[in-house]
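All residue numbers in this chain count up from 1 along the given sequence. Keep in mind that the numbers below use all heavy atoms, side chains included, and drop hydrogens, waters and symmetry copies.
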Amino acid sequence: MTFAHLHVHSATSPYWGLHSPKALCNAARHMGIKRMAITDRNGLYGLPRFLEAAYETGIEPLVGTEAVNGTQRAVLLVRNRCGYANLCRLLSELHTGDAFDLIKTLQRYRNGLVILSDDATLLTQLAPQGRSDLYVELSPGHGLEKCLQLARRLALPPVATTRAVTLHDDDYQLHRVLRAIAGNTTLDRLNNTDCAHPQDRLLSEKELAAHLPHCPEALANTARIAENCRSDWNLSATVFPRFEQLADDEAAAELTRRSHQGARWRYGQLHKAARERLAKELDLIIGKGFSHYFLVVQELAGRSPRTCGRGSAAASLVAYCLGITHVDPLRYNLFFERFLNEGRKDPPDIDIDFPWDERDAVLDFAFVRYGRRRAAMVANQVSFKSRAALREVAKVFGLPAAEIKAVTDRLSGYWSPAKGVRALQEHPLFRGEELSRDWQTIVALAGRLNGQLRHLSQHCGGLVIVPDDLRHHVPVERSAGGRPLIQWEKDQTEAAGLVKIDILGNRSLAVVRDTLAAIHRHHGVVIDYSRWQPLNNERTRALLCAGETIGCFYIESPATRQLLQKMWRGQTLPDEDTLFEHLVMASSIIRPAANRFIREFVARMRGKPWRHLHPNLKPILGETYGLAVYQEQITQIAMALAGFSASEGDRLRKIISKKDKQQRLDDYRQRFIAGGRPRGIDSAVLKQVWEQILSFAGYSFCKPHSASYALVSCKSAWLKANYPAEFMAAVISNGGGY
């Protein structure tokens with residue numbers, strides 16, 4: 001048995017911890033420590049990130065938290081899955097209960113938990129219930145002798161911890177800054193009892209043993225606890241909602257029935273292509289356990305007659321037949337495997353846009369239908385950024401508000417204090433100024449605050465529904481609006497296997513709704529939104545090709561209007577399908593990182609001779625003039641040129657779109673180049689293709705998503721071309737657009 005760290009705080013311990021889970025895992029590994037718990041205060045805010053970092057660095061992760069409620073305090077470590085569920089319940093009650101008491105709640109949810117504390121009252125009241133898994137915590141700087149006496153008096157075993165917050169000598173000042181910000185006070189008025197102790201540092205086993213020469217069993221007990229706590233955590237098993245408490249086979253049968261019924265509604269009759277595609281999709285959807293999820297999403301989508309199901313789900317014929325999406329995936333050759341394939345391990349989600357003023361009613365329906373125990377919103381984890389970090393640090397240094405404003409008003413929201421003092425002095429609006437020593441310190445500290453968790457806010461539309469109690473899976477808090485809110489943001493939610501449904505608000509759908517209502521009032525014309533084919537209308541096609549699209553969803557920016565004009569100026573008016581396909585391309589290629597390829601795209605579309613960089617790219621890039629326009633083309637290119645599997649190619653696509661990606665992206669670049677050489681592909685070609693792949697950095701669209709948006713764009717354009725007064729009145733009334 002070897003020593004294990006059982007009490008460590010990361011940057012997701014709000015206003016307390018400093019370092020990322022990855023930095024802490026690396027530091028522990030460097031000390032030769034193999035097992036560690038991250039015990040953020042009152043939450044599991046960074047648990048999926050910690051598990052990922054631990055497995056990457058070879059650390060065995062232990063799950064836990066430091067529960068703090070007034071003067072009550074205890075470190076709670078999870079022994080097994082039952083203990084994990086109990087910890088989630090306890091933390092949920094801590095954040096949502098009106099009269100939470102840690103001791104009473106622990107008496108209810110103690111099973112499966114190891115409890116460490118130096119709170120004499122808590123230990124005294126819990127001991128009669130059972131002394132197993134109950135320990136007195138001994139930490140340098142926190143009254144070691146007093147705690148040893150408590151352990152002897154209660155006949156409870158001692159355990160050594162470091163209550164680690166810092167890694168380096170200069171960390172403690174940053175911790176004090178965080179505590180001052182949390183208390184809305186200045187550093188000179190900050191009470192030391194509100195801070196961690198200066199000795200709360202990640203120590204090696206040897207360093208900690210030097211503080212406890214008279215109690216070696218306290219270190220031995222860390223190993224004993226770690227041995228009894230589960231460390232092979234895998235939270236990625238998908239947790240699906242359940243529709244009307246149907247059994248899985250019943251849900252599969254119902255999904256099949258509704259899909260075939262919807263196919264007849266969409267196509268009039270179930271022709272061979274639709275029948276084969278439905279069979280293929282249903283086999284995969286049912287096989288992966290998605291039946292309930294599709295039925296739940298259909299029920300929510302049915303709350304409004306005007307929706308825009310988007311994202312990769314728009315490639316699904318099942319979704320189209322259920323009325324969740326509205327672009328025909330057969331007609332426009334949409335790649336279903338981008339949404340779901342055999343090798344995909346993480347659960348995809350379905351995004352649905354509703355008119356912006358109907359979204360809250362849909363969410364209210366979901367909470368009434370599934371209950372506040374089974375449903376909750378996904379969180380945004382709000383951290384310190386740029387000017388806000390600078391402003392907050394300056395405040396705790398006691399600088400006057402006018403002086404702080406004079407500095408921060410000259411900085412854009414994109415400026416980052418992480419660039420350092422020199423970057424500020426070289427800023428055009430500060431040229432010639434000498435920064436005081438206080439401001440130099442403030443800038444340096446603010447630069448280190450980036451990524452520190454401040455608080456949770458509600459994601460704009462992420463909804464999670466589970467079949468049992470969400471509090472078995474993740475702690476739940478209460479949002480400012482009163483809705484249940486899980487502690488994880490969207491990426492961690494996905495990593496933990498929770499399938500979210502994005503219920504989003506779209507002003508342009510409200511514009512369409514209000515325009516259709518006005519047309520009915522003024523002209524007696526009724527238009528069926530779900531069967532509407534706007535590009536059948538020549539006036540609409542002419543308006544789009546002329547770029548006269550102010551007010552039209554997603555295609556009204558100056559850049560997009562200019563692109564449409566360049567594409568079609570002097571050209572023959574295209575037919576319906578040709579125009580739609582090119583509008584889909586235009587809405588996807590108009591992304592910042594692709595600017596250098598847009599001019600070439602227009603030239604090729606208008607007849608410039610070109611050829612594929614390699615013959616293997618022809619079936620992938622043929623429809624987009626040899627240029628990568630859609631996200632899924634990244635996956636297909638990696639498979640065709642470098643021998644990637646479908647799941648590896650999809651992983652590359654995901655890494656490209658992430659901000660924190662450089663090291664992994666370098667690994668994939670090397671694999672891409674190395675994979676192409678045995679296939680006889682020239683290095684220059686591989687490098688040119690890689691440059692196109694990099695143009696998808698930041699954000700980009702898959703074809704199904706672009707097609708869904710393009711359909712709303714076309715409907716907006718039809719309304720503007722045929723009923724301009726009603727349309728522009730609705731645009732203005734809904735307060736959107738340019």
Side-chain angles (χ1 to χ4, degrees), residues 273 276-277 280 312 315 329-339 341-344 567 574 577-578 580-582 584-586 588-589 591 593-657 665-697 700-707:
E276 290 176 351
R277 176 74 171 258
K280 172 188 167 185
S312 62
L330 295 177
R331 182 176 180 179
Y332 296 109
N333 190 32
L334 302 182
F335 184 55
F336 173 70
E337 285 74 10
R338 167 63 179 84
F339 172 65
N341 59 67
E342 283 290 354
R344 182 163 185 168
M567 287 168 65
D577 283 351
T578 301
F580 186 78
E581 288 279 8
H582 283 78
V584 174
M585 293 180 216
S588 189
I589 203 171
R591 58 183 190 268
N595 284 340
R596 57 183 291 197
F597 299 108
I598 291 174
R599 187 175 297 174
E600 182 66 18
F601 168 77
V602 172
R604 292 183 183 187
M605 178 201 149
R606 294 178 67 92
K608 176 185 173 181
W610 61 275
R611 65 178 184 174
H612 290 286
L613 287 170
H614 191 274
N616 288 5
L617 296 175
K618 187 174 181 179
I620 301 167
L621 303 181
E623 68 173 331
T624 54
Y625 303 99
L627 298 169
V629 171
Y630 305 123
Q631 270 187 357
E632 60 267 42
Q633 289 172 325
I634 296 177
T635 303
Q636 294 167 312
I637 288 169
M639 292 169 68
L641 295 192
F644 281 40
S645 67
S647 56
E648 288 172 333
D650 198 49
R651 182 63 185 153
L652 169 61
R653 173 193 62 78
K654 287 188 169 185
I655 290 171
I656 286 283
S657 64
L665 191 55
D666 285 343
D667 292 341
Y668 271 87
R669 181 185 62 80
Q670 291 171 21
R671 287 176 58 190
F672 182 79
I673 301 297
R677 285 175 186 149
R679 290 166 174 78
I681 301 172
D682 187 80
S683 294
V685 170
L686 291 168
K687 287 177 182 176
Q688 282 181 274
V689 174
W690 185 256
E691 285 300 311
Q692 287 197 42
I693 289 174
L694 290 181
S695 75
F696 286 83
S700 56
F701 289 165
C702 59
K703 186 179 180 182
H705 181 84
S706 292

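- Closest approach of Y630 and S588 over heavy atoms only: CD2-OG, 3.5 Å.
- V602 and M567 get closest at one heavy-atom pair: CG2-CG, 4.2 Å.
- Once rounded to the nearest 0.5 Å, the distance linking OG of S706 with CG of L334 reads 10.0 Å.
- Taking all atoms of both residues into account, the shortest heavy-atom contact from L652 to A638 is CD2-CB, 4.1 Å.
- Here the side chains of E632 and S312 are not in contact, with every heavy-atom distance at 4.5 Å or above.
- In summary, K703 and E581 engage in a salt bridge, as defined by a charged side-chain N under 4.0 Å from a carboxylate O.
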Atom pairs and distances, side-chain donor-acceptor, residues 670-677, under 3.5 Å, sequence neighbours left out:
from, atom 1, to, atom 2, distance (Å)
R671, NH2, E648, OE2, 3.0

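- Shown here for R338 and C702, the closest heavy-atom pair between the two residues is NE-CB, 3.8 Å.
- Within a 6.0 Å sphere centred on CZ of R599, heavy atoms belonging to other residues, nucleotides or ligands number 12 at most.
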Check: Yes or no on side chain to side chain contact (heavy atoms under 4.5 Å, CB included) for F696 and R653, after CA distance, side-chain angles and deciding distance?
Finding: CA-CA 8 Å; F696 286 83; R653 173 193 62 78; over 6 Å; no
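- Taking both residues in full, the closest heavy atoms of A315 and F335 are given as CB-O, 3.4 Å, listed atom of the first, atom of the second, then distance.
- In terms of heavy atoms, G649 sits closest to T635 at O-OG1, 3.3 Å.
- Between E600 and R604 a salt bridge is recorded (basic side-chain N to carboxylate O distance below 4.0 Å).
- Once rounded to the nearest 0.5 Å, the distance linking CD1 of I637 with CG of L617 reads 6.0 Å.
- Distance check: L641 CG to I693 CD1 gives 8.0 Å after rounding to the nearest 0.5 Å.
- Note: F580 and Y332 have tilted aromatic rings, judged against thresholds of 30 and 60 degrees for the angle between ring planes.
- Taking the six-membered ring where the residue is Trp, F644 and Y668 present tilted rings, their angle falling between 30° and 60°.
- Annotation: the span from K618 atom NZ to I620 atom CD1 amounts to 13.0 Å, rounded to 0.5 Å.
- Of the inter-residue distances, the one linking E623 atom CD with Q633 atom CD reads 6.5 Å to the nearest 0.5 angstrom.
- In this structure, M585 CE and M605 CE are separated by 8.5 Å, a value rounded to the nearest 0.5 Å.
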Next item on the list: Please report the C-alpha distance between L694 and L665 in whole Å, then the side-chain angles of each, then the deciding distance to 0.1 Å, and finally whether the side chain to side chain contact (heavy atoms under 4.5 Å, CB included) criterion is met.
Entry: CA-CA 10 Å; L694 290 181; L665 191 55; 3.8 Å; yes
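- Using a 4.5 Å cut-off on side-chain heavy atoms (C-beta onward), S695 and F597 make contact.
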